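Computed from a prediction, not measured in an experiment: that's the story for all the values here.
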Amino acid sequence: NLSTSVLEAFQHSIGFLIWLITIVIIPASARKLVTKVTGKEKEQASHLSTALILLARLLVVLIVPLVVLVIFGSACYAGW
């Protein structure tokens, strides 16, 4: 079990963590991945990297929090 102070620290730092992931990590890694996979320059692979960035941001900002809410909510999946 996690202590209250750990949960409160996580609650206050999650906004910065999501910002860091969506603004810094996802675009940089998407551009590098597309460049490695396609072998094209960044300018030529911009459409594919943009689609990948949008999909990753959708997952991080909407899908993952929704799944966490359903699993760790106090309803049926909480296992109480």
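- Residues passing the side chain to side chain contact (heavy atoms under 4.5 Å, CB included) test with Thr50 are Leu54, sequence neighbours excluded.
- Taken to the nearest 0.5 Å, the CZ atom of Phe16 stands 11.5 Å off from the CD1 atom of Ile23.
- Note: Thr38 OG1 to Leu48 CG = 6.5 Å, rounded to the nearest 0.5 Å.
- For the side chain to side chain contact (heavy atoms under 4.5 Å, CB included) test, residues two or more places apart in sequence or in another chain that qualify with Leu33 are Val37, Leu52.
- Hydrophobic clustering of Ile, Leu, Val, Met, Phe, Trp and Tyr side chains at less than 4.5 Å, counting indirect connections, keeps Val64 apart from Leu66.
- Applying the side chain to side chain contact (heavy atoms under 4.5 Å, CB included) criterion to Val67, with sequence neighbours excluded, gives Ile63, Ile71.
- One finds the CG atom of Leu58 at 10.0 Å from the CD1 atom of Ile26 (value rounded to the nearest 0.5 Å).
- Cluster annotation: Val34 and Leu55 are assigned to distinct hydrophobic clusters (Ile/Leu/Val/Met/Phe/Trp/Tyr, side-chain heavy-atom contacts under 4.5 Å, transitive).
- Take Ser5 and apply the side chain to side chain donor-acceptor pair (under 3.5 Å) test, not counting sequence neighbours, and it matches Ser3.
- With sequence neighbours left out, Pro27 forms a side chain to side chain contact (heavy atoms under 4.5 Å, CB included) with Arg31, Ile53, Arg57.
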